[in-house]
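Comments concern the structure below.
We count ligands from 1, going down the list as the structure has it; atoms in each ligand are counted the same way.
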Amino acid sequence: MKVLVTDPIADAGLDRLRDADHEVETAYDVEGEELLEAVADANGLIVRSGTEVTEEVFAAAEELVIVGRAGIGVDNIDIDAATDHGVIVANAPEGNVRAASEHSVAMAFATARSIPQAHQRLKNGEWAKGDYLGTEVNGKTLGVVGLGRVGQEVAKKLSSLGMDLVAYDPYISTERAEQIGAELVDLDGCLERADLLTVHVPLTDETANLLSDDELAKLEDGYLINCARGGVVDEAALARAVDEGVMAGAAVDVFGEEPVSPDNPLLDVDDVIVTPHLGASTEAAQENVAVSTADQVVAAFHGEP
Ligand code: NAD
Ligand code: MLT
């Protein structure tokens with residue numbers, strides 16, 4: 001079988017496919033006609049977040065059995081079109097959870113202590129010790145929007161550093177939330193009580209622009225961490241809220257449009273710190289998701305679950 005890989009994945013995953021006697025073709029950064037041509041005779045397609053797998057792609061890929069997503073979010077894959085064309089979509093739901101949760105915690109400290117801003121000024125030769133008075137997380141309240149795999153890990157980590165937990169997630173039980181010490185509340189309650197709000201929902205019709213001007217105003221003086229998906233937070237509203245001092249700061253790893261265009265309003269606000277979708281970018285996580293995805297592609301070729 002032929003497997004087309006259109007976003008870079010760890011070699012361990014590619015080796016897994018070759019060891020199972022499948023042909024692997026890598027074609028990174030292809031889009032439009034080039035992608036449609038490349039996928040025409042592929043039996044498997046492996047992507048990360050960089051490739052948009054649209055209805056057009058499914059229509060062009062007549063031999064396709066499975067799309068493997070080497071990561072969690074499947075918002076770049078048209079699931080309805082996959083279903084219409086009888087193609088399996090499989091993600092790797094666990095392999096990068098630790099990496100994403102560690103990055104979220106790192107971003108929390110980075111924004112609450114202005115580490116990137118202070119770093120840059122010192123590198124520029126400026127000793128700006130007097131300009132930064134940070135916020136301690138101990139004794140503060142963490143609001144978690146989306147208490148799934150990553151949200152729970154972030155909650156556990158920051159609770160061990162002395163934070164109280166509130167969470168908004170209409171799909172998990174009170175008992176499960178209590179097991180990790182979080183009080184389930186509605187979205188307004190989460191925003192109003194959180195000193196630091198961390199977002200861990202998938203991007204769906206329901207979560208698109210979940211947090212805009214009105215919601216961010218309720219996070220008065222607080223910090224927001226978004227290592228989930230760009231479209232969940234209204235970027236212009238977030239830039240405004242931080243710039244106008246409604247919020248203390250924000251740390252953002254994911255964007256509505258990636259790569260981010262230079263005129264994205266978040267890039268202009270000093271107290272919004274940014275990373276280029278690095279949440280899952282650790283060696284261990286990339287190996288985990290590549291191997292898990294390759295195994296699922298091979299299983300699908302054998303008609304296995
Ligand atoms: P998950 O499916 O385990 O958890 C998502 C949680 O969100 C679930 O508990 C679900 O009930 C909840 N949810 C769904 N809709 C909701 C809504 N409308 N309001 C509130 N809660 C809602 O997913 P996960 O593995 O924890 O991943 C979370 C997010 O992080 C996803 O968007 C994923 O794509 C993203 N992610 C990003 C990176 C990165 O590199 N930055 C890495 C891994 C995951
Ligand atoms: C994910 O949803 O797993 C993340 O977007 C990680 C990634 O593939 O970069």
Side-chain angles (χ1 to χ4, degrees), residues 5-10 13 28 46-53 67-77 79 89-108 143-157 166-177 179-180 182 184-191 194 197-211 215 225-233 251-256 258-260 274-290 292-293:
V5 184
T6 55
D7 293 313
I9 65 164
Y28 305 143
I46 295 184
V47 301
R48 281 185 68 189
S49 58
T51 305
E52 289 294 324
V53 190
V67 178
R69 162 66 163 104
I72 294 171
V74 289
D75 45 282
N76 54 321
I77 301 169
I79 306 289
V89 176
N91 70 347
E94 303 200 323
N96 65 25
V97 168
R98 186 174 301 121
S101 63
E102 287 185 4
H103 193 68
S104 305
V105 173
M107 292 290 262
V144 185
V145 176
L147 198 58
R149 292 181 181 86
V150 179
Q152 290 185 28
E153 277 304 309
V154 174
K156 283 187 217 159
K157 286 174 171 44
V166 293
Y168 168 64
D169 188 328
Y171 302 108
I172 78 148
S173 67
T174 311
E175 293 72 32
R176 181 68 191 118
Q179 278 167 8
I180 58 160
L184 271 188
V185 292
D186 62 13
L187 182 58
D188 278 356
C190 197
L191 291 160
L197 191 89
T198 187
V199 179
H200 302 290
V201 291
L203 177 60
T204 63
D205 290 345
E206 205 183 46
T207 62
N209 275 324
L210 184 69
L211 303 178
E215 293 74 25
I225 315 300
N226 185 7
C227 291
R229 277 296 176 272
V232 174
V233 182
V252 182
D253 183 50
V254 285
F255 303 86
E258 296 182 3
V260 169
V274 290
T275 47
H277 204 145
L278 291 182
S281 295
T282 67
E283 214 171 297
Q286 284 313 303
E287 189 163 321
N288 292 341
V289 296
S292 155
T293 306

Inset, instruction - Measure across R229 and N226 and return the closest heavy-atom pair with its distance rounded to 0.1 Å. - result: O-ND2, 3.1 Å
Legend entry - Neighbour count above 12 (heavy atom, 6.0 Å) for Q179 CD: yes
Inset, instruction - Find all atoms of ligand 1 within a distance of less than 4.0 Å from any non-hydrogen atom belonging to E206, and give their numbers and elements. - result: 15 (N), 17 (C), 18 (N)
Inset, instruction - Grab the two heavy atoms, one from F255 and one from V260, that are nearest each other, plus how far apart they are. - result: CG-CG2, 3.1 Å
Inset, instruction - Could you check atom 3 (O) of ligand 2 against the protein and tell me its nearest heavy-atom contact, residue, atom and distance included? - result: I72 N, 2.6 Å
Legend entry - Over 12 non-hydrogen atoms of neighbours within 6.0 angstrom of CD in E102: yes
Legend entry - Under 3.5 Å: N/O of A280 near N/O of ligand 1: yes
Legend entry - Side chain proximity check, R98 to R149, heavy atoms < 4.5 angstrom: no
Inset, instruction - Just jot down the ligand 1 atoms closer than 4.0 angstrom to any heavy atom of V254, in number order. - result: 41 (N)
Legend entry - Taking atom 43 (C) of ligand 1 as the reference point, the nearest protein heavy atom with its distance: N96 OD1, 3.3 Å
Legend entry - Non-hydrogen side-chain atoms of V289 and I9 separated by less than 4.5 Å: no
Inset, instruction - Could you tell me whether the side chain of I72 reaches within less than 4.5 Å of the side chain of V97, counting heavy atoms only? - result: yes
Legend entry - Under-4.0 Å heavy-atom contact with ligand 2, by part of E258 that carries it: neither
Inset, instruction - Using a strict 4.0 Å cut-off to heavy atoms of P170, name the atoms of ligand 1 that fall inside it. - result: 19 (N), 20 (C), 21 (N)
Legend entry - Closest approach of any protein heavy atom to atom 9 (O) of ligand 2, naming residue and atom: R48 NH2, 2.8 Å
Inset, instruction - Could you tell me whether the side chain of R69 reaches within less than 4.5 Å of the side chain of N76, counting heavy atoms only? - result: yes
Inset, instruction - Would you name the heavy atoms of G71 and N96 that are closest together and state the gap between them? - result: CA-ND2, 3.7 Å
Inset, instruction - Distance to 0.1 Å, residue and atom name: give those for the protein heavy atom nearest to atom 4 (O) of ligand 1. - result: G148 CA, 3.2 Å
Inset, instruction - Take E153 and K157 through the salt bridge (Lys or Arg N to Asp or Glu O under 4.0 Å) test and state the conclusion after the steps. - result: CA-CA 6 Å; E153 277 304 309; K157 286 174 171 44; 3.1 Å; yes
Inset, instruction - Among all protein heavy atoms, pick the one closest to atom 8 (O) of ligand 2 and tell me residue, atom and distance. - result: R69 NH1, 2.8 Å
Inset, instruction - Starting from atom 42 (C) of ligand 1, find the nearest protein heavy-atom neighbour and note its residue, name and distance. - result: A100 CB, 3.5 Å
Legend entry - Non-hydrogen atoms of S104 and V154 that approach each other most closely: CB-CG2, 3.7 Å
Legend entry - Which residue and heavy atom of the protein sit nearest atom 24 (P) of ligand 1, plus the separation: V150 CG2, 3.8 Å
Inset, instruction - Could you say whether the N/O atoms of T207 and ligand 1 ever approach to under 3.5 Å? - result: no
Inset, instruction - Applying side-chain contact (heavy atoms from CB on, under 4.5 Å) between V199 and each of T207, V150, L211, report the one that passes. - result: L211
Inset, instruction - Could you tell me whether G71 and ligand 2 have an N or O pair separated by under 3.5 Å? - result: no
Inset, instruction - Identify, by atom number and element, the atoms of ligand 1 in contact range of G73, meaning under 4.0 Å from any of its heavy atoms. - result: 34 (O)
Inset, instruction - Please check if the side chain of T51 supplies one atom and the backbone of V53 the other of a donor-acceptor pair under 3.5 Å. - result: no
Legend entry - Heavy-atom pair of closest approach, residues V5 and D7: CG1-O, 3.3 Å
Inset, instruction - Among all protein heavy atoms, pick the one closest to atom 21 (N) of ligand 1 and tell me residue, atom and distance. - result: V201 CG1, 3.3 Å
Inset, instruction - Return the residue, atom name and 0.1 Å-rounded distance of the protein heavy atom closest to atom 15 (N) of ligand 1. - result: Y171 CE1, 3.6 Å
Legend entry - Numbered atoms and elements of ligand 1 in range of H277, under 4.0 angstrom, heavy atoms: 39 (C), 40 (O), 41 (N)
Inset, instruction - Compare L278, V199, V97, D169 and give the one whose heavy atom is closest to atom 8 (C) of ligand 1. - result: D169
Inset, instruction - Mark up the atoms of ligand 2 that fall under 4.0 Å of a heavy atom belonging to A280, in ascending order. - result: 6 (C)
Inset, instruction - For atom 38 (C) of ligand 1, find the nearest protein heavy atom and state the residue, atom name and distance (0.1 Å precision). - result: C227 O, 3.7 Å
Inset, instruction - Could you list the atoms of ligand 2 found under 4.0 angstrom from a heavy atom of G73? - result: 1 (C), 2 (O), 3 (O)
Inset, instruction - Check each atom of ligand 1 against the heavy atoms of I172 and keep those under 4.0 Å away; list them by number with element. - result: 9 (O)
Legend entry - Region of P202 engaging ligand 1 - heavy atom pairs below 4.0 Å: both
Inset, instruction - May I ask you to identify, for H103, whether its side chain, its backbone, both or neither come under 4.0 Å of ligand 1 on a heavy-atom basis? - result: neither
Inset, instruction - Examine the proximity of ligand 2 to V289 and report which part, side chain or backbone, both or neither, has a heavy atom under 4.0 Å away. - result: neither
Inset, instruction - Have a look at ligand 1 and work out which part of T204, if any, has a heavy atom under 4.0 Å from it: side chain, backbone, both or neither. - result: neither
Inset, instruction - Look at atom 25 (O) of ligand 1 and say which protein heavy atom is nearest, naming residue and atom and giving the distance to 0.1 Å. - result: I72 CD1, 3.2 Å
Inset, instruction - Examine the proximity of ligand 1 to R149 and report which part, side chain or backbone, both or neither, has a heavy atom under 4.0 Å away. - result: both
Legend entry - V144 and H200, any side-chain heavy atoms less than 4.5 Å apart: yes
Inset, instruction - Please answer whether the main-chain N or O of L203 pairs with a side-chain N or O of D75 as donor and acceptor at a distance below 3.5 Å. - result: no
Legend entry - Approximate separation, where rounding is to 0.5 Å, of D186 CG and D169 CG: 13.0 Å
